[in-house]
Each structure stands twice: as C-alpha cells, then as structure tokens.
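Since the structure comes first, as structure tokens, the remarks are kept for the end.
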Amino acid sequence: MTSTASVGDLVSQPYRYGFVTDIETEKIAKGLDEDVVRLISAKKHEPAFLLNFRLRAYAQWLQMEEPDWAALGHGPIDYQEMIYYAAPKQQSKKASLDEVDPKLLETFDKLGIPLSEQKRLSNVAVDAVFDSVSIATTYREKLAEHGVIFCSISEAVKDYPDLIERYLGTVVPSNDNFFAALNSAVFSDGSFVFIPKGVCCPMELSTYFRINSGDTGQFERTLIVAEEAASVSYLEGCTAPMFDTNQLHAAVVELVALDDANIKYSTVQNWYAGDEKGVGGIYNFVTKRGQCRGARSHISWTQVETGSAITWKYPSCVLQGVDSSGEFYSVALTNNLQQADTGTKMIHVAPGTRSTIISKGISAGRSSNSYRGLVQIGPKAVGARNYSQCDSMLIGDTAAANTFPYLRSQQPDASIEHEASTCRISEDQLFYLQSRGIGLEESVSMMVSGFCRDVFNQLPMEFAAEADKLLALKLEGSVG
Amino acid sequence: MPTILESLDLDCSLFHSYSLLFPVIRPDATILLEIRNLHAKVGDQPILKGVDLTLRAGEIHAVMGRNGSGKSTLSKLLAGHPAYTVTAGTVHYKGEDLLTLAPEERARAGVFLGFQYPVEIPGVSNLEFLRVATNSRRVAQGVEELDTFAFEDLVRERLKVVQMDPAFLERSVNEGFSGGEKKRNEILQMALLEPLVAILDETDSGLDIDALRIVSAGVNQLATPDNCILLITHYQRLLDEITPDFVHVMAAGRILRTGGKELALELERRGYDWIDEGLESSDQVDSIAPALEVV
C-alpha cells in the first residue's frame, strides 16, 4: 500500500571503515612456535624479564584449550595459519609526526582520527596503533608536564621498564585463560598510561586500534596505572578493513587503581562484523580486568560493542580495596549473523565494596546476543552491594537474546539485586512515531538510543553522540 | 411527507458512490480529503467496502458506528498503517494521492491521527519526540526548524491548550500516563503539528467527564476555517462538547447514513439496529434529508 520499507530490509549500510591502506608491511612468516615468540621480543629489543614472561605464557598456552562454554559458534581457528607480527615499514618510531608515512596519517584522517598538529582533537590525546605497532601518540609533552605517561607499551618497556615489570601481568596473569596466555606470549603493541599520585589527567586519553593486514592477528596489550588519588578517563576505538576471512583479535587490558584513584575506561568497538551472510569479520576475544587495589578506588567500564563477527569479552573489576567500587555499562548490538557473549565479573573481596552493572543488548537480523555476568561476594566483603540490570531489545523475530547471570555470595551481610527485561520494538510503536512524521529508521534509532541512554550518558561527551550515530548506522536495514 | 430524495426515487446505492448530493456548508471551501469508493482488507478479511467521504476546510465530521463497523480501520488506513491493504478506491489529500505516501510523509504533509490507544515508548523522552515530530512537519512546510530553546517556548504555550503539566515533557513518551494524560498528549501533538486533516480515533474513550471537557475544549480551540476534523466515536457525549457539522454512520464497512448533528442524537435514542434494518429496507434516505436542508 505504501512505500514503507519493512523492518527486515533496513540493515544494508556498507561498513564505512572497510578500506585497506596500501602500504609496505614487514611481516614475519605465519605460524607460532617458541622462535616466533623470541623473534617478536627481539624485534622490540625487549629486556630479559619480558622475554621470560612471553616464554612462560607460551608454555602455558600450549597446555590450555580454547574455551567452549560461551554461547558462540565458529569454525576452528588455525593458530598456525596466522601471522603474529606485521608492521608498516618505517624505521622505528618517529620522533616527530612529520616523519610518519603520510599514508598512515591519511588512514587515520579517513577514520576520523586526525593526528597532525593542525587537525588533532583539541582535548583528546591519541595513541594510534596500526596492525602490530603504535605509529604516533599525540600530546605526549603536554601530558608529561603533569607527570602523566601516555605512550605505546613498546616504548614504555624501553623507557619505564621498572613500571612495566612491576605491573604487567599482575591483574591478568599470563595463565588466566587461553586467549590471555596467547596474548601474553605474542602481544605486539598497545598503550601504557601512568597517572602519578594526586594527578587528575588533564585530557581524555584515547587509543585507536586499526587492523590493516588480512592475515594478521592483532594482540594488543594495554596497561593503565592510577596511583593514589589519581584519575583518568581513557577511550579506545577499533576498526578493520573488510576481508572475507576472519581475523583474530585477542587483547588484554589491565587496570590498576590505588587508594582513592579513579579510572574510567570506555570502548567503542566497531571491528568489521562480516557481511550479511556471515562471511568474514573479526573474532574478538578480549580479556579486560581492573583491580581496585586501594581503599575507595573506583573503576568504571563503559563499552559500546557494535562490530566483530564474534565478541567474547567480560571487562571485570576485582574490588580488593575497602569501600572500592566498580561499574560496568554496556551496549552490545548484534546484527545479521554476529554473535556476542559479553558481560562482566564483579569480584567483591573487601568490605563495603559496591558494584553496578547496566547491560543493554540489542539483537537484530539473525544475530545472537548474550549477557554473561558474575557477581561474586567473598567471605570478608561485609556490607558489599551489587545492583545489576540487564535489558535486551529484539528487533525483528529472528534474533536471539540470552541472559546468564551468576550470583555467588559467601557473605550473609551483602546485597545483590538483579533485574532483567526483554522488549521488542513493536510495529505499533514504529507506526506511532512514523505517524508523527518521523521516518522509520529515525524511529528505530530513537527507540534504540532511548534504550541505551543510561549507558551513553557514561561515555565521554565527545564520543556519546558518535556512539549514538554509530548505532543508528549499524541498524540501518535491520527493521522490517 | 416524502422527502426530496424519496420523490426523486433514487437508488440509494448512488449515495454511497457519488458525491453530487453530499451535503456541504461552504461549497467554495477547499476540499482537503476526498475518499472515493474505498475498499480495504486486513489479511484476507475485507473491512472497508466502499467508503465515500469528503472533508472540506472548516468542517467537523463525526463518524459513528458499532465496534467492527470499520471506523478505526478507516482512521488507521488514512494514517498509513501497514496492516491494511487498499483493494479499490482512492483517497486524495489536497488533490494529491494520499495512498502512495509513507506514514511519515502523510504526517509531514498535514494528516494527523489521534490514536485510540497511544502506545508507550520507554526511553524516548516526550519532549525530544515532540520536538523531532514538530521539526519534521516544519521542514516539510518550508519553515525553520526550532532549536531546543525555541521549541520549549512553543511547547509550553501549547501545553495550555490541554492544561497539561510540563512535568509530562520530561517523561518517556506516554510511559505510565493515565488514559486521560495519554489523550491530552495526543491533542498536544495535534496542537504542535497543526495538521490540516485531524482524525481523532475515539479520543473520548477512557476519559472521565473533566478530562473529556478539557480535551474537547482543546480540539475546539484547534478547529480553524483552514483545517478539518474527523471524529471517530461511539458516543454522543463527545459530540455534546464538540459540535459536528456532519455525522456519518458506518456499518459493515460503508457509510450508510449521513446527517447533521441530529443524527447522532437519533442514534443515541434508537441505537444502531435501525441502521442495519435500513440496509434491507433501503430507506436510508430519510436521515439524509435534514442534512440537505443545510445546503
């Protein structure tokens, strides 16, 4: 009767970041063995403690098996068919941006992350990681004036080896899980942030990860340490070209918060998700964990997960400090044949610890979206409190949503609240908005962003609007 | 005494197919909505079986009828609800084919449906929703979009039309609103969108007498010589508050009778059965006569 698009034809927006940068890349031979681990370490001129850390992790990884408990299905991953180190050819890291290959700067420009002095974002410092290496970090000098260290982890290994040795692997031990062990053995680059005692980081810090090579895995490692009464807000963004093969991304992120420290970690993940038939896309197996070591410390995770063929990710907080608190705010959107199994772990160790979990899952197409979360209250966590809210929204009638909450308490004087809801965008709601002059896609995105508002409010302001737009873009064509 | 029409001995079916004898107050007024021989179905079920209706600027029409007579179908279909399929007939809005337009295009052009059961939309702020809707209509009208401040001023002024508490702007669209509050919110939307054709589907249902008066007073304020209003209702009590120029009675998917406001009173007195009887005895012409006197 009318020309109205149906709710089923709306998801065909092409992926905007799917281009490949044609740049000469230095790659090592594919496959993984002890020599490869040694080679990566040697390429980065690492000190002995780090090589040993890698070798130990590799030995542990060999003994481990890929986890299969998640509500995910994928073909076998051949770890010998992958390349573990790829870097754009340029002599080491450049002292000045002027010396960086213009092609790389252009790539980040195209991604909306200008790095050059004239164009860079005025209040956000960016570390740009291309395949296995960091190519530039902006505002380093300005941050250094405040005593803040923000650089690639490879540089940190050279310049601040004692800090790395003191903290690396202390939050996520190398044998934590299969993918963490793999990362510990072969990680190539990532960001390092150190905020000294009493310093409130004067600007947003951000790392932008770009996978460019089609046959390379990306294994980045991020470590953020906030000393006593320090605070920082950090954001990571990710994109990758479109390939019809799957690339593995297995990252590890460790956060350490000492007494009264505050770390806010936000992610906008938009890895290539594969096409509408489920061909290609990133396999995203990530271990993220924060330790509230000090009293009254605070760690907050906010994630907007829209990309990847598979997402396996549980940013967690270990609440060891008395009266420390952890938060997890998540929006996970899956479309077409994407699969996400994501959530958090809140481990209450000390008395008076608090945690908040707000998870919003949106499933469209034939995708599957699961929330999996653990709230564990240990015997000493007197007066611990948790509040969890897990909401799912279904778009169309072929998508799936699951919620797997695990609640364990060994402390009678603790309170755990869990709320869950599922809703569907109904034809009637869409018609109502349309009958007020609001187009179908805008109607869907209004409802989705309304659904996600609690989480978007947590994002740094510069990125909240971006996340909203990203979601709208991802949903185009999902309604019908 | 036989009426003019009876004396003409016309086949009654002509009334339903042709507009030549359709009563008119201001024959020179612009025709805003013209429905001709409209047939429609939902699924395989035919619901509308030849509806004819002409709405001119400045007119208020009431469509009455039993549940299932096709009233609500007609209103939703005019707004573009995807569940209904037009199988025959035409609908023109200001001379343009309305049926090829998507629901949002109809709204932007100035066709408004006040819902019988306005849906709740959790998470979407009422204020934001009203602003986006108002601006989409303004863009279509070629006037400037309103920023958040200018819109607040406008909405606060329009709230008075329905005596609504500004606190409702801060809530999610219709979420947790009482029946009366939802209907006031509908009329508020009408006040903001300034439609040329406003179809109000059982706006009186679920309203207590005070709310009915407030909502009706709002509609009366919004009725202008430039727009027209189509009231869908079961009850005379709404028509006591909003005086229609024409009353149409629907049964079995057609408009069987058209008259002035007296027809509604007659329905109130006699119920709908005599309309159905009329279907067989074909004496529908009777009640059209009073309306014709208006000509």
Side-chain angles (χ1 to χ4, degrees), chain A residues 1-10 331 358-362 389 391-396 419-457 464-465 468 471-472 475 479-480, chain B residues 40-41 75-87 91 98-115 117-126 128-141 172-175 186 189-190 192-193 195 199 201:
Chain A
M1 181 183 79
T2 66
S3 56
T4 311
S6 66
V7 182
D9 330 303
L10 265 164
V331 166
I358 308 283
S359 163
K360 307 276 180 176
I362 302 152
Q389 186 188 331
D391 299 326
S392 308
M393 179 183 257
L394 295 166
I395 298 177
E419 285 180 27
S421 75
T422 303
C423 65
R424 186 185 294 280
I425 290 188
S426 73
E427 292 271 320
D428 282 344
Q429 288 170 320
L430 288 175
F431 178 62
Y432 187 78
L433 294 175
Q434 284 179 275
S435 76
R436 297 302 180 249
I438 304 169
L440 187 62
E441 293 185 5
E442 196 180 354
S443 299
V444 172
S445 83
M446 255 177 125
M447 292 181 63
V448 169
S449 66
F451 176 73
C452 301
R453 198 189 315 153
D454 295 348
V455 174
F456 286 171
N457 285 344
D468 221 1
L471 233 53
L475 277 172
V479 189
Chain B
K41 59 181 187 178
S75 62
K76 285 188 191 154
L77 186 150
L78 291 175
H81 196 290
Y84 304 98
T85 314
V86 172
T87 50
V91 179
L98 182 72
L99 300 177
T100 54
L101 300 181
E104 60 270 28
E105 294 169 325
R106 299 180 193 199
R108 290 173 198 155
V111 176
F112 177 85
L113 170 63
F115 284 79
Y117 302 111
V119 293
E120 302 191 0
I121 309 183
V124 176
S125 124
N126 203 25
E128 177 66 6
F129 157 69
L130 294 170
R131 193 173 66 84
V132 173
T134 304
N135 278 334
S136 68
R137 169 95 171 108
R138 289 178 71 91
V139 168
Q141 287 173 303
S172 293
V173 179
N174 295 324
E175 194 180 32
E186 293 294 289
Q189 290 166 42
M190 178 178 163
L192 287 165
L193 296 175
I199 305 150
D201 190 5

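Reckoned from all heavy atoms, side chains included, excluding hydrogens, waters and symmetry mates. A, B, ... follow the sequence lines: proteins, then strands. Residue 1 opens every chain.
Residue contact with chain A, scored on non-hydrogen atoms closer than 4.5 Å, involves the side chain of B:Leu193 exclusively. Both the backbone and the side chain of B:Pro118 come within contact range of chain A, judged by heavy atoms closer than 4.5 Å. If you measure heavy-atom distances from B:Asn174 to chain A, the contacts under 4.5 Å come from the side chain alone.
B:Phe115 and A:Tyr432 have tilted rings, their planes meeting at an angle from 30° to 60° on a 0 to 90° scale.
The two residues A:Glu442 and B:Val132 come nearest to each other via the heavy atoms OE2-CG1, 3.4 Å. Between A:Phe431 and B:Pro82, the closest heavy-atom pair is CD1-CD, 4.0 Å.
Between the CD atom of A:Gln434 and the CZ atom of B:Arg106 there is a distance of 10.5 Å, given to the nearest 0.5 Å.
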Task: Working for side chain to side chain contact (heavy atoms under 4.5 Å, CB included), residues B:Glu120 and A:Asp428 - done: CA-CA 10 Å; B:Glu120 302 191 0; A:Asp428 282 344; over 6 Å; no

TODO: Under the side chain to side chain contact (heavy atoms under 4.5 Å, CB included) rule, what do B:Phe129 and A:Ile438 come out as? Steps first, then yes or no, please.
DONE: CA-CA 9 Å; B:Phe129 157 69; A:Ile438 304 169; 3.8 Å; yes

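Judged purely by atom type and a 3.5 angstrom limit, A:Ser435 has no side-chain atom pairing as donor or acceptor with the backbone of B:Ala79.
Counting heavy-atom pairs under 4.5 Å between each of B:Val119, B:Val111, B:Leu130, B:Val139 and chain A puts B:Val119 at the top. Ranking A:Met446, A:Gln429, A:Met447, A:Arg436 against chain B, the residue ahead of the rest is A:Arg436, based on heavy-atom pairs under 4.5 Å. Comparing B:Ala109, B:Ser125, B:Ala107, B:Ala83 by heavy-atom pairs within less than 4.5 Å of chain A, the highest count is held by B:Ala107. With chain A as partner, the option from B:Pro122, B:Ser136, B:Ala140, B:Ser172 having the largest number of non-hydrogen pairs under 4.5 angstrom is B:Ser136.
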